S.K.: 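To start, I am sharing the structure in question, which I have written as structure tokens.
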Amino acid sequence: MTASKFYALVMFPYPSGNLHMGHVRNYAIGDVVARYKRMRGFDVLHPIGWDSFGLPAENAAIRHKTHPAEWTAKCIERMTKQLKSLNLSYDWDRAVTTCNEDYYKWTQWLFLKFFEQKIAYRKEARVNWCPGCQTVLANEQVKEDRCWRCESKVEEKPLEQWFLKITDYAERLLQDIEKLSGWPEPVKIMQRNWIGKSEGVVIEFPILKHGESKLTVYTTRPDTLFGVTYMVLAPEHPLVDALTKGTEHEKAVKTFQEKVKHETMHEREKNLIKEGVFTGAYAINPANNEEIPIWISDYVLMEYGTGAVMAVPAHDQRDFEFAKTHNLPIKHAEPFTGEIGKQKVNYRLRDWLISRQRYWGAPIPIIYCEKCGIVPVPEKDLPVKLPKNVKLTGKGASPLAQVKEFVETKCPRCKAKARRETDTMDTFICSSWYFYRYCDAKNKKQAFAKDKVDKWLPVDQYIGGIEHAILHLLYSRFFAKFLYDQKLVPTDEPFTNLLTQGMVIKDGAKMSKSKGNVVDPDEIIKKYGADTARLFILFAAPPKKELEWSDKGVEGCYRFLNRVKRLVTESLEPANKLRGSNERGNRDVQSQVSEPNITKVLHQTIKGVTEDIERFSFNTAIAKLMTFVNVLYNSNTSIGNWKLEIGNLLLLLSPFAPQTADELWKKLGNKNSIHKEPWPAFDPELTRENEITIPVQVNGRLRDTIKVATEADKETILNAAKSTEKIKNFTTGKQIIKEIYVPNKLVNLVIK
RNA sequence: GCCCGGGUGGCGGAAUUGGUAGACGCAAGGGACUUAAAAUCCCUCGGUUGCAUAAGCCGUGCCGGUUCGACUCCGGCUCCGGGCACCA
């Protein structure tokens with residue numbers, strides 16, 4: 001029988017040149033999972049790589065007068081050293097680097113697949129332009145009208161660009177969220193909201209004195225049809241011209257349209273007073289034949305629904321505000337219950353804009369021919385290599401457009417002179433399929449072999465930052481579905497379980513250069529070693545929560561590891577040496593722990609640590625190891641007898657502090673690496689206490705505790721509880737009306 | 001505005017199904033060892049009354065409810081963090 005597979009994946013880093021604490025946290029968590037699963041006998045895939053295309057490298061190269069390829073290579077070299085210094089158990093042979101030809105060749109190949117299936121297409125649209133990055137951005141990459149990366153204010157520009165038709169998958173992306181039982185609820189909610197499904201109807205309103213022309217609106221509330229008092233069109237709506245041409249309203253409408261044209265979506269949204277003008281035309285409410293005025297206003301968006309709405313000010317906040325501003329009637333009406341219009345589903349999700357007007361990305365493998373039009377680069381001609389000799393200024397059009405040798409080519413179909421596409425792909429494309437490439441990282445003939453991805457996918461545990469709740473995690477789900485449809489991968493969801501780690505903060509704020517609160521992992525590793533750094537990061541907070549950095553806390557973890565080391569050293573000394581009281585201060589003899597109890601605590605610790613790791617409660621797992629070490633230190637028995645306990649302690653410690661655990665393991669006389677050992681098992685019988693302390697409450701308030709044998713029956717325990725001095729003080733002269741006994745948990749006496 | 005998280009000692013956090021609130025670590029105080037310091041080891045450590053390591057009262061953001069019993073469940077607020085934001 002072969003071992004079950006386990007794919008432990010961490011979000012691969014962008015090679016900025018510096019590992020930061022967020023990385024350390026992500027990778028420490030991932031490494032604990034990988035090491036633990038390995039010890040549990042799983043065949044574990046735990047890879048790492050580099051998300052190495054992207055703007056920062058291009059900008060850094062310009063600043064440092066070097067080439068992005070060289071800059072990136074240096075950064076990767078540096079960060080590889082840093083990662084290796086953390087003793088992360090990666091399979092380095094599988095490392096992928098998205099800016100290498102052998103990777104982006106297949107990114108381009110995937111683009112061709114999308115193109116074949118008409119998922120990749122070109123269209124002109126008003127797109128988000130970031131003046132800081134000098135490129136366009138996808139909707140997902142704009143946060144509150146600012147660029148997610150450089151925080152410049154995003155502008156809108158009408159441009160012809162490449163898109164991926166992610167909207168074709170909107171319904172499946174939404175439905176399959178149900179399948180993601182191993183994902184955190186907030187992430188799923190964010191994705192649902194982003195997709196933004198709404199179900200409604202499309203209703204046609206005839207227009208008065210305009211023959212057959214009709215006004216089509218989309219509404220989720222057809223029941224409010226009787227309350228409609230006016231109609232509103234988006235300023236760009238195609239009917240506007242026909243309605244106003246040659247009328248007294250034409251001029252005012254044109255002026256308004258001009259004004260709106262120069263505003264971005266966000267500016268429009270910020271307008272507190274809803275502006276608009278009357279078109280002079282009227283529509284007829286199909287439900288009651290009322291004549292209602294048609295207005296235009298910037299609060300109606302051309303991009304959503306039909307670009308026209310029926311306004312029900314009695315029901316809708318925005319309609320209400322508009323009606324008040326422009327003195328339009330507000331009508332409270334009976335609900336409309338008839339059948340009208342056609343069912344229609346709308347989504348807020350827009351297609352993914354993937355063109356980027358920058359150099360450091362995978363070239364879009366497309367050729368424009370005057371005769372043949374848009375021609376995909378034939379597969380055999382891949383990769384379309386990024387030319388090395390480029391002038392990078394960070395300004396103006398796509399840098400590739402300046403490279404004559406790149407642009408000028410022949411049409412693959414008719415062999416006539418043709419031009420290459422000069423935009424590159426959004427780097428989120430590169431990161432949407434890297435976890436497939438890991439399975440077959442060196443394949444020269446394919447992006448990945450089917451049997452390899454069949455073996456490893458889906459990812460059993462994915463770990464990364466919440467900041468990708470929509471971005472990377474939505475794109476990757478989309479890719480998975482497309483690749484699944486192409487029968488290239490085995491599942492239509494890529495990640496079975498997702499753990500979103502919290503940020504690392506210091507002095508209450510995110511670590512950042514501008515705040516000057518950055519802690520350099522290198523310095524911590526140099527001073528205390530990688531194990532201390534890992535241990536602290538895992539101990540200071542549960543993975544999902546924010547982690548407050550504390551230099552003192554780091555020292556505490558350092559002390560703990562030294563305590564473990566000392567324990568091992570002392571255990572190797574002659575067995576007759578007791579942990580005598582003379583070297584331990586004047587401790588209460590009763591607090592010392594005797595031999596059989598150590599066995600019990602060992603088994604309790606194995607049980608507790610195992611369960612804690614399973615539920616990602618690493619902080620409490622480590623706390624239990626500390627408790628165990630404290631118990632050993634407090635023991636009154638010969639330390640020479642602790643071989644078994646100390647061996648197990650090291651095994652339990654090994655996923656957290658791999659280097660220390662292995663060194664000490666060898667010191668104990670073991671020849672093989674601790675990391676090849678199986679995870680320790682516990683005996684449930686041996687974890688049992690033979691005497692337990694039971695709290696005794698009177699009217700729900702703790703009054704005393706009693707010690708009883710674990711097997712003691714209800715009657716014995718209740719009698720014992722009622723007969724203690726303290727309890728008697730509360731109960732004498734009173735009537736016990738109820739006796740509550742929760743087995744092995746507590747006694748509560750209700751008195752009157 | 002809407003949708004998610006979250007408020008527990010001086011601090012980070014624990015309490016897994018409603019059952020001894022504060023595990024573990026940090027900081028603080030005391031002690032042992034030492035010529036001394038560092039390191040190490042031990043003890044105390046939510047607030048309050050109290051000589052007390054006697055006993056009691058209060059205590060998990062606030063107000064109320066359910067329950068023998070609530071950090072945990074329910075209703076209403078409040079503050080902090082995050083996401084979305086004219087999507088008809």
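Note that the coordinates shown come from a computational prediction; the quantities given were computed from them, not determined experimentally. A note on names: the letters A, B, ... follow the listed sequences, proteins ahead of strands, and every chain is numbered from 1.
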S.K.: How far, in whole Å, is A32(B) from C80(B) if one measures between their P atoms?
M.R.: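 Straight-line distance between the two P atoms is 49 Å.
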
S.K.: Just by modelled atom types, is the Thr660(A) backbone N or O under 3.5 Å from a matching donor or acceptor in the Asp531(A) side chain?
M.R.: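 Here the side-chain-to-backbone pair exists.
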
S.K.: Name the nucleic acid region contacted by Gly305(A), choosing base, sugar-phosphate or nothing; use a 4.0 angstrom heavy-atom cut-off, strictly under.
M.R.: nothing

S.K.: Give a yes or no on whether a salt bridge exists between Arg146(A) and Glu151(A), defined as a side-chain N under 4.0 angstrom from a carboxylate O.
M.R.: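 Not counted as a salt bridge, because no side-chain N and carboxylate O are separated by less than 4.0 Å.
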
S.K.: Applying a 4.0 Å non-hydrogen cut-off, can you work out what Arg615(A) is touching in the nucleic acid: base, sugar-phosphate, or nothing?
M.R.: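 Base, at least one base heavy atom under 4.0 Å.
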
S.K.: Between C41(B), U20(B), G13(B), spot the one nearest the side chain of Thr705(A), thanks.
M.R.: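 Of the options given, the side chain of Thr705(A) lies nearest U20(B).
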
S.K.: Looking at Asn630(A), I'd like to know whether one of its side-chain N or O atoms comes within less than 4.0 Å of OP1 or OP2 on G25(B).
M.R.: yes

S.K.: Nearest heavy-atom pair of Ala283(A) and Met231(A): which atoms, and what distance?
M.R.: CB-CG, 4.0 Å

S.K.: For a quick check of understanding: with a heavy-atom distance under 4.0 Å over all strands, which category does Glu185(A) fall into, base, sugar-phosphate or nothing?
M.R.: nothing

S.K.: For the P atoms, the ones on G47(B) and on G22(B), what distance do you get once it is rounded to whole angstrom?
M.R.: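 Each nucleotide's P atom is 14 Å from the other's.
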
S.K.: By the definition side-chain contact (heavy atoms from CB on, under 4.5 Å), identify the one residue from Phe618(A), Phe560(A), Tyr558(A) that meets it with Leu535(A).
M.R.: Phe560(A)

S.K.: Which nucleotide wins on minimum distance to the side chain of Arg566(A), given the candidates G25(B), C41(B), A14(B)?
M.R.: C41(B)

S.K.: What is the nucleic acid contact for Val750(A), judged by heavy atoms within less than 4.0 Å: base, sugar-phosphate only, or nothing?
M.R.: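 Sugar-phosphate contact only - Val750(A) comes under 4.0 Å of backbone atoms but never of a base.
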
S.K.: Reckon Thr620(A) has a side-chain N or O less than 4.0 Å from the OP1 or OP2 of C24(B)?
M.R.: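 No, no such contact exists.
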
S.K.: What nucleotide, of C57(B), U20(B), A88(B), holds the atom closest to the side chain of Tyr304(A)?
M.R.: A88(B)

S.K.: So Phe616(A), base contact, sugar-phosphate only, or nothing? Heavy-atom distance under 4.0 Å.
M.R.: nothing

S.K.: Nearest heavy atom decides the nucleotide; on that basis, is Glu140(A) or Pro695(A) closer to the 5' end of RNA chain B?
M.R.: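 Upstream on the strand: Pro695(A).
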
S.K.: Looking at U40(B), which nucleotide sits across from it as a Watson-Crick or G-U wobble partner, both distances under 3.5 angstrom, or is there none?
M.R.: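 Partner of U40(B): A32(B).
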
S.K.: Give the nucleotide from the list A88(B), U20(B), C26(B) with an atom nearest to the side chain of Thr693(A).
M.R.: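 Out of A88(B), U20(B), C26(B), the nucleotide with an atom closest to Thr693(A)'s side chain is U20(B).
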
S.K.: The side chain of Ala623(A) is closest to which nucleotide in this list: G12(B), C24(B), U16(B)?
M.R.: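 Output: C24(B).
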
S.K.: Pick base, sugar-phosphate or nothing for Ser550(A), based on heavy-atom distances below 4.0 Å to the nucleic acid.
M.R.: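 No contact at all - Ser550(A) keeps every heavy atom at 4.0 Å or more from the nucleic acid.
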
S.K.: Nearest to the side chain of Leu301(A), heavy atoms from C-beta on, is which of A88(B), C24(B), G56(B)?
M.R.: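 Per side-chain heavy atoms of Leu301(A), the pick is A88(B).
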
S.K.: Pick base, sugar-phosphate or nothing for Ser617(A), based on heavy-atom distances below 4.0 Å to the nucleic acid.
M.R.: nothing

S.K.: What does Arg703(A) touch in the nucleic acid at a heavy-atom separation under 4.0 angstrom: a base, only the sugar-phosphate, or nothing?
M.R.: sugar-phosphate

S.K.: So what does Lys624(A) hit on the nucleic acid, given a heavy-atom distance under 4.0 Å: a base, only sugar-phosphate, or nothing?
M.R.: base

S.K.: Taking Ile292(A)'s backbone N and O only, do any of them form a donor-acceptor pair with Asn285(A)'s side chain (distance below 3.5 Å, no angle check)?
M.R.: no

S.K.: Look at the side-chain N and O atoms of Asn619(A) and state whether any lies under 4.0 Å from the OP1 or OP2 oxygen of A14(B).
M.R.: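 Checking Asn619(A) against A14(B): at least one side-chain N or O falls below 4.0 Å of OP1 or OP2.
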
S.K.: Please state the P separation for the pair G46(B) and U60(B) - nearest whole angstrom.
M.R.: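 After rounding to an integer number of Å, I get 16 Å for this pair.
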
S.K.: Does NZ or CZ of Lys197(A) fall inside the cone over Tyr347(A)'s six-membered ring, less than 6.0 Å from its centre and within 45° of the axis?
M.R.: no

S.K.: Within the 4.0 Å heavy-atom criterion, would you say Asn748(A) contacts the bases, only the backbone, or no part of the nucleic acid?
M.R.: base

S.K.: Could you give the distance separating A28(B) and U34(B) at their C1' atoms, to the nearest angstrom?
M.R.: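 One C1' to the other, the span is 23 Å.
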
S.K.: Identify which nucleotide among A55(B), G19(B), C26(B) has an atom closest to any side-chain atom of Lys552(A), counting heavy atoms from C-beta outward.
M.R.: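 Nearest to the side chain of Lys552(A) among the choices is C26(B).
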
S.K.: Both distances below 3.5 Å, Watson-Crick or wobble geometry, any strand: find the nucleotide opposite G9(B).
M.R.: none

S.K.: Side-chain N or O of Arg559(A) versus OP1/OP2 of C26(B): is the shortest distance under 4.0 Å?
M.R.: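 Indeed, a polar side-chain atom of Arg559(A) lies that close.
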
S.K.: I want to verify a distance call: between U20(B), C43(B), G19(B), whose nearest atom is closest to the Asn634(A) side chain?
M.R.: C43(B)

S.K.: Donor-acceptor pair, Asp319(A) side chain versus Val312(A) backbone, under 3.5 Å?
M.R.: yes

S.K.: Could you tell me how far C58(B) sits from G76(B) if I compare only their C1' atoms? Round to whole Å.
M.R.: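 These two C1' atoms come out 25 Å apart once rounded.
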
S.K.: Looking at the angle O4'-C1'-N9-C4 for a purine or O4'-C1'-N1-C2 for a pyrimidine, is G13(B) syn or anti, with syn meaning within 90° of 0?
M.R.: anti

S.K.: So Asp319(A), base contact, sugar-phosphate only, or nothing? Heavy-atom distance under 4.0 Å.
M.R.: nothing

S.K.: Is Arg563(A) close enough and on-axis enough to Tyr633(A), meaning under 6.0 Å and within 45°, for cation-pi?
M.R.: yes

S.K.: With rounding to whole Å, what would you report as the distance between U66(B) and G18(B) at their C1' atoms?
M.R.: 12 Å

S.K.: Compare the minimum distances between each of C43(B), C68(B), C4(B) and the side chain of Pro186(A), then state the nucleotide with the smallest one.
M.R.: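 Comparing C43(B), C68(B), C4(B) against the side chain of Pro186(A), the answer is C4(B).
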
S.K.: With P as the reference atom in both, quote the distance from C11(B) to U67(B) in angstrom, rounded to an integer.
M.R.: 36 Å

S.K.: Distance check, C1' atoms only: A14(B) and C71(B), in whole angstrom units.
M.R.: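 After rounding to an integer number of Å, I get 11 Å for this pair.
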
S.K.: Of the options A88(B), U20(B), C24(B), whose atoms approach the side-chain atoms of Val300(A) most closely?
M.R.: A88(B)

S.K.: In terms of the nearest nucleotide of RNA chain B, which residue is placed more toward the 5' end: Lys143(A) or Ala541(A)?
M.R.: Ala541(A)

S.K.: Touch check for Ile189(A), heavy atoms < 4.0 angstrom, all strands: base, sugar-phosphate only, or nothing?
M.R.: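 The answer is sugar-phosphate, as Ile189(A) gets under 4.0 Å only of primed atoms, P, OP1 or OP2.
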
